[in-house]
Amino acid sequence: MADLFPAGSGAGACSDPDQQLAARLEEAERAGRPLRIKLGIDPTGSDIHLGHSLLFRKLRAFQDAGHIAVLIIGDFTARIGDPTGKSATRVQLSAAAVEANAATYLQQLGQGQDPERALLDFETPGRLEVRRNSEWLTGLDLPQVIELLGISTVGQMLAKEDFSNRYGSGAPISLHEFLYPLLQGYDSVQVQADLELGGTDQKFNVAMGRDLQRHFGQRPQFGMLLPILPGLDGVQKMSKSLGNTVGLAEDPLSMYSKLEKVPDAVVDDYLTLLTDLDMADLPQNPRERQKLMALEITQARHGGPAAAAAQVDAAKLVAGAAGSGAAAAEVPEASLAAVNFPAKAFYLLSAVGLCASSSEARRQIQGGGVKLDGEKLADPNQEFAGPEVLAGKVLQLGKKTFRRLVAG
RNA sequence: GGGUCGGUGCCCGAGUGGUUAAUGGGGGCGGACUGUAAAUCCGCUGGCUCUGCCUACGUUGGUUCAAAUCCAACCCGGCCCA
């Protein structure tokens, strides 16, 4: 299933990619030296989602086969921003934000967590190296930067689709963005990667790594490019900025119910890329298939019982039995401690975080989208005297969003 | 550096002195409906414990009873030239 990417931009015919990878694996075996498998992530967001997780699954497979996962936290490059797939220059992040994101990433990948559910193997000695690219990028001096810049050409950069689109449409391209592929490639040099994992959209950057390694006298890495996971909309790639993601940190119910609604066209992609199920024994009925997919993926993250409960609860929510009973058990809690009483209904909604603003809350109530313990709230100005009249009740926005109110 | 065009709400994009919180589309949210979704129809889509008040059309000043709309300076971007 993996799209193997060998040979790169070098002249001449490339031989069969599979054989090349096989050759490297064999060679490693013979020499008793595990391969160094590079995977870089830029801590630009706060959460890892399923679109990332297929890369980590592959990385884990290499770990399990005895190779070394070299996880590169792009704490330096994150501050430049990968231009890939971007139609505009990305805003630069602060060092503190990047550091916080990096910590969350590691935690979500399973550092310090139950090894059963961890995405990567943090336990077995020698199977994981976590490196930050600020380690070597911060110290580059100008002559070194110039050397890097000399390795590529403007023509090559403009051949990259994202740049040429932007250039063609008159959108701005900052010069420092050209540095991104070079720095990512330089990471490969620094960690002496034998193989780099990435999405197919990383082809340019991975190829650049090969060029740089060759320039610095190393054997060019093998590029293994995996398919891009479609997002929940079934059309665009899964991406935080498109809002079509399922985050690894999400609770079982959210995770399950999002997955259960994915368009039929991508259900099989999810099954192939995110589960180990054998496609041959799956139910033919599309709805059944979809539910099984959602259950399986939720289970991998949260365990069997939690996933099963989420499936039951999701069904209840859809049936309209929401807001009370068993489904409510999974509902996130919201504290009333910060609410000033007496509280009007619209203010309560925003104070508790169900709505982004009190004005929005007012509109939602007027639009008939808010329920308290299953009963529709009609008047945005309805007053609640104190926490005791609300504690334990479930506040609901639309069909899918709930908060169980708790005192204190 | 010179010339020129432009910077409007989440995004795109109207509006060139006065019912303008600002047309329209997209997206989003809510409602109805359906096997989830999709499609369709309807409503909402600045903020504030809100019968009112407050901020908004790159920034800062200015002209005017009145400015997103006029003027000035500045900032940012596209294109052409250097």
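Residue numbers begin at 1 in each chain, while the letters A, B, ... track the order of the sequences.
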Worksheet item: What's the CG-C1' distance between A/Leu232 and B/rG28, to the nearest Å?
Response: 15 Å
Fill in: Test applied, side-chain hydrogen bond (donor to acceptor under 3.5 Å, both in side chains); reference residue, A/Ser188; option that passes from A/Gln213, A/Arg210, A/Arg36, A/Lys38
A/Lys38
Practice prompt. Walk me through it: do A/Glu196 and A/Gln202 pass the test side chain to side chain donor-acceptor pair (under 3.5 Å)?
Written response: CA-CA 10 Å; A/Glu196 175 161 359; A/Gln202 289 296 311; over 6 Å; no
Practice prompt. Calculate the interatomic distance between A/Leu397 atom CG and B/rC29 atom P; express it in whole Å.
Written response: 10 Å
Worksheet item: Taking the P atom of each, how far is B/rG17 from B/rC12, in whole Å?
Response: 26 Å
Practice prompt. For B/rU8 versus B/rG78, give the span between their P atoms, rounded off to a whole number of Å.
Written response: 15 Å
Practice prompt. Would you confirm whether A/Gln218, through its side chain, and A/Val189, through its main-chain N or O, come within 3.5 Å as a donor-acceptor pair?
Written response: yes
Practice prompt. Identify, with sequence neighbours excluded, every residue that meets side chain to side chain contact (heavy atoms under 4.5 Å, CB included) alongside A/Gln107.
Written response: A/Gln113
Worksheet item: Whole Å only: how far is the OH atom of A/Tyr167 from the P atom of B/rG78?
Response: 10 Å
Fill in: Integer angstrom distance from the C1' of B/rG18 to that of B/rC70
14 Å
Worksheet item: Can you give the dot-bracket line for RNA chain B, where a pair is Watson-Crick or G-U wobble with both atom distances under 3.5 Å, crossing pairs use [ ], and | marks a partner on another strand?
Response: ((((((((.[[[..)..(.....]]]((((((.......))))))(((...)))...[[[[[..)....]]]]]))))))).
Worksheet item: Quick one: what's the B/S/- string for nucleotides 46-59 of chain B, heavy-atom cutoff under 4.0 Å, read 5' to 3'?
Response: -BBBB---------
Worksheet entry | Nearest-angstrom distance, C1' atom, B/rU34 to B/rU23 | 34 Å
Item to complete: Hey, can you tell me if A/Tyr105 and A/His52 have their rings parallel, tilted or perpendicular (30° and 60° cut-offs)?
Response: tilted
Practice prompt. Determine, stepwise, if the pair A/Arg166 / A/Glu177 fulfils salt bridge (charged side-chain N to carboxylate O under 4.0 Å, His left out).
Written response: CA-CA 12 Å; A/Arg166 278 207 266 160; A/Glu177 295 182 76; 2.6 Å; yes
Worksheet item: Going by the side chain to side chain donor-acceptor pair (under 3.5 Å) test, which pairs reach into residues 347-368 of chain A, not counting sequence neighbours?
Response: A/Arg362-A/Asn381
Item to complete: Could you work out the separation of B/rC80 and B/rG26 based on their P atoms and round it to a whole Å?
Response: 34 Å
Practice prompt. Rounded to the nearest angstrom, tell me the gap between atom CD in A/Glu288 and atom C1' in B/rA37.
Written response: 15 Å
Worksheet entry | Spacing between A/Ile365 atom CD1 and B/rG31 atom P, to the nearest angstrom | 13 Å
Fill in: Strand-adjacent residues in residues 292-305 of chain A, judged by heavy atoms under 4.0 Å from RNA chain B
none
Worksheet item: Got A/Leu390 and A/Leu372 here, is their nearest side-chain heavy-atom distance under 4.5 Å?
Response: yes
Discussion item. Between A/Asp268 and A/Arg289, does any side-chain N to carboxylate O distance fall below 4.0 Å?
Written reply: yes
Item to complete: Side chain of A/Lys399 only, please: which of B/rU36, B/rG31, B/rG77 is the nearest?
Response: B/rG31
Worksheet item: A/Glu177 has an atom CD; how far is it from atom P of B/rG77, in whole Å?
Response: 12 Å
Fill in: Spacing between A/Tyr270 atom OH and B/rA37 atom C1', to the nearest angstrom
12 Å
Item to complete: Sorted by first residue and then second, give each side chain to side chain donor-acceptor pair (under 3.5 Å) pair with at least one member in residues 296-308 of chain A; sequence neighbours left out.
Response: none
Discussion item. Any salt bridge linking A/Lys393 with A/Glu375? Criterion: basic side-chain nitrogen under 4.0 Å from a carboxylate oxygen.
Written reply: no
